[in-house]
Amino acid sequence: MLRTAGVEVKENILEKDCRELNKRFFVFHEQKRPYVILKWAQTADGFIAGNSGQRLLISNEFTNREVHKWRSEEASILVGTNTARLDDPALTNRNWPGPSPLRLVIDMDLSLPSQLKLFDGQQKTIVFNSIKHEEPGNPAYWKIKADMSLVHQVLNALYHMNIQSVLVEGGAKLLQSFIDEDAWDEVRVITNTGLDISNTPLGDGGGNGLAAPRLNQTIKTGETIFLSDKIEFYHST
């Protein structure tokens with residue numbers, strides 16, 4: 001229409017930059033799923049928890065504020081059953097201004113206790129499970145099939161809920177599922193370069209613990225340092 005009206009038109013100006021700026025929008029509409037960011041914190045020797053799943057306080061307060069900033073930038077945040085039970089996270093960005101993301105948790109057998117912070121009513125929570133489907137309410141329940149890919153069912157559900165992005169914060173099994181099924185766009189790995197699990201009371205002295213997820217086929221796109229914490233950024237190939 002512009003050309004017909006005699007207006008000079010130039011296309012594809014800064015196309016790469018524009019797609020990066022609007023990456024959540026393009027992934028959502030072109031791939032019919034939300035933009036997926038995987039995030040975890042690990043010790044210098046590659047562990048995210050102690051031998052029995054004991055929580056490790058890995059990242060420092062400056063990095064924690066950065067993580068809360070990340071939460072404020074995404075539409076939803078997802079954790080697995082063990083992370084919800086053992087860590088009892090609130091999954092809000094209380095240390096950064098702005099709206100908190102929609103909280104999502106995997107609880108296939110609905111075994112999580114109602115006293116968890118995820119169910120405190122301060123922010124909307126959706127429970128993915130294999131038992132019931134109740135969309136109204138807080139928490140709401142979204143039924144998925146136990147014999148099908150959990151990752152793709154969750155992403156498909158979020159697409160139908162018009163949720164354009166999700167930050168996956170754990171645990172290791174859930175994160176590895178996204179990696180193995182190649183269902184991610186970014187990975188953000190926080191490494192405390194001064195913390196070795198073998199030097200903490202949580203390990204057995206031999207460097208044993210819950211290993212961090214394993215990445216493959218990635219492109220490192222950046223790195224940030226906050227005191228002893230190193231944050232590495234990756235994109236899928």
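Because only heavy atoms are used, hydrogens play no part in the values below, and waters and symmetry mates are left out as well, while side chains stay in.
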Practice item. Indicate the atoms forming the closest heavy-atom contact of A75 with S165, along with that distance. Key: N-OG, 2.9 Å
Check your understanding: Does L78 belong to the same Ile/Leu/Val/Met/Phe/Trp/Tyr cluster as I179, with side-chain heavy atoms less than 4.5 Å apart forming each link?
Key -> yes
Check your understanding: Under a 4.5 Å side-chain heavy-atom rule over Ile, Leu, Val, Met, Phe, Trp and Tyr, are W184 and V166 clustered together?
Key -> yes
Study note, to complete from the structure: By side chain to side chain contact (heavy atoms under 4.5 Å, CB included), I13 pairs with (sequence neighbours left out) K10
Check your understanding: Does any N or O in the side chain of R188 come within less than 3.5 Å of the main-chain N or O of K39, such that one atom is a donor and the other an acceptor?
Key -> no
Review point. Going by an N to O cut-off under 4.0 Å, is there a salt bridge joining K69 and E73?
Key: yes
Practice item. Establish, from distance only, whether the side-chain atoms of D229 and T63 form a donor-acceptor pair under 3.5 Å. Key: yes
Exercise for review: Count the heavy atoms of every other residue, nucleotide or ligand shown that sit under 6.0 Å from NZ of K173, and state whether that count exceeds 12.
Suggested key: no
Check your understanding: Is there side-chain contact between E169 and V67, with at least one heavy-atom pair below 4.5 Å?
Key -> yes
Review point. Do side-chain atoms of T92 reach the backbone of S100 as a donor and acceptor pair under 3.5 angstrom?
Key: no
Review point. More than 12 foreign heavy atoms under 6.0 Å from NZ of K124: is that the case here?
Key: yes
Exercise for review: List the atom of L118, the atom of A84, and the distance in Å for their closest heavy-atom pair.
Suggested key: CD1-CB, 3.7 Å
Review point. Hydrophobic clusters join Ile, Leu, Val, Met, Phe, Trp and Tyr when side-chain heavy atoms are under 4.5 Å apart, directly or via other members; which others share one with F25?
Key: F26
Point to revise | Side chain to side chain, L155 and P34, heavy atoms closer than 4.5 Å | key: yes
Review point. Is N129 reaching over with its side chain to a backbone N or O of D107, donor-acceptor style, under 3.5 angstrom?
Key: no
Review point. Quick one: are R71 and R94 in side-chain contact, heavy atoms under 4.5 Å?
Key: yes
Exercise for review: Output yes when a side-chain donor or acceptor of E223 lies under 3.5 Å from a complementary backbone atom of K230, and no otherwise.
Suggested key: no
**Study point:** Over all atoms of both residues, closest heavy-atom pair of I58 and F47
**Key:** CD1-O, 3.9 Å
Exercise for review: Mind listing the closest non-hydrogen atom pair of H29 and Q164 along with its distance?
Suggested key: NE2-NE2, 4.2 Å
Check your understanding: Counting N and O atoms only, with roles assigned by atom type, does the side chain of D185 sit under 3.5 Å from a partner on the main chain of S236, one being a donor and the other an acceptor?
Key -> no
Practice item. Group every Ile, Leu, Val, Met, Phe, Trp and Tyr by side-chain heavy-atom contacts under 4.5 Å, then state whether L158 and I77 land in the same group. Key: no
Practice item. For this output row, return yes or no: ring centroids of Y35 and F28 closer than 6.0 angstrom. Key: no
Check your understanding: Would you call the rings of F233 and W70 parallel, tilted or perpendicular, where under 30° means parallel and over 60° means perpendicular?
Key -> perpendicular
Point to revise | E74 side-chain N/O to P101 backbone N/O, donor-acceptor pair under 3.5 Å | key: no
Practice item. Please check if the side chain of H68 supplies one atom and the backbone of W96 the other of a donor-acceptor pair under 3.5 Å. Key: no
Check your understanding: What is the minimum heavy-atom distance between D120 and Q122, and which atoms define it?
Key -> OD1-N, 2.9 Å
Check your understanding: Is it true that a side-chain atom of T193 and a backbone atom of S228 form a donor plus acceptor pair closer than 3.5 Å?
Key -> yes
Review point. Would a distance-only check, ignoring hydrogens and angles, find a side-chain to backbone donor-acceptor pair under 3.5 Å from R103 to A90?
Key: yes
Check your understanding: If you look at every heavy atom in P139 and V127, which pair is closest and at what distance?
Key -> CB-CG2, 4.0 Å
Check your understanding: Linking I/L/V/M/F/W/Y whenever their side-chain heavy atoms sit closer than 4.5 Å, directly or via other members, would L167 and V79 fall into one cluster?
Key -> yes
**Study point:** L91 reachable from F119 in the ILVMFWY side-chain graph, under 4.5 Å edges
**Key:** yes
Check your understanding: Are K132 and Y141 in a cation-pi contact, defined as NZ or CZ under 6.0 Å from the six-membered ring centre and within 45° of the axis?
Key -> yes
Review point. Does the S130 side chain pair with the main chain of M108, one donor and one acceptor, at a distance under 3.5 Å?
Key: yes
Point to revise | I144 CD1 to H152 NE2 distance, which is reported to the nearest 0.5 Å | key: 12.5 Å
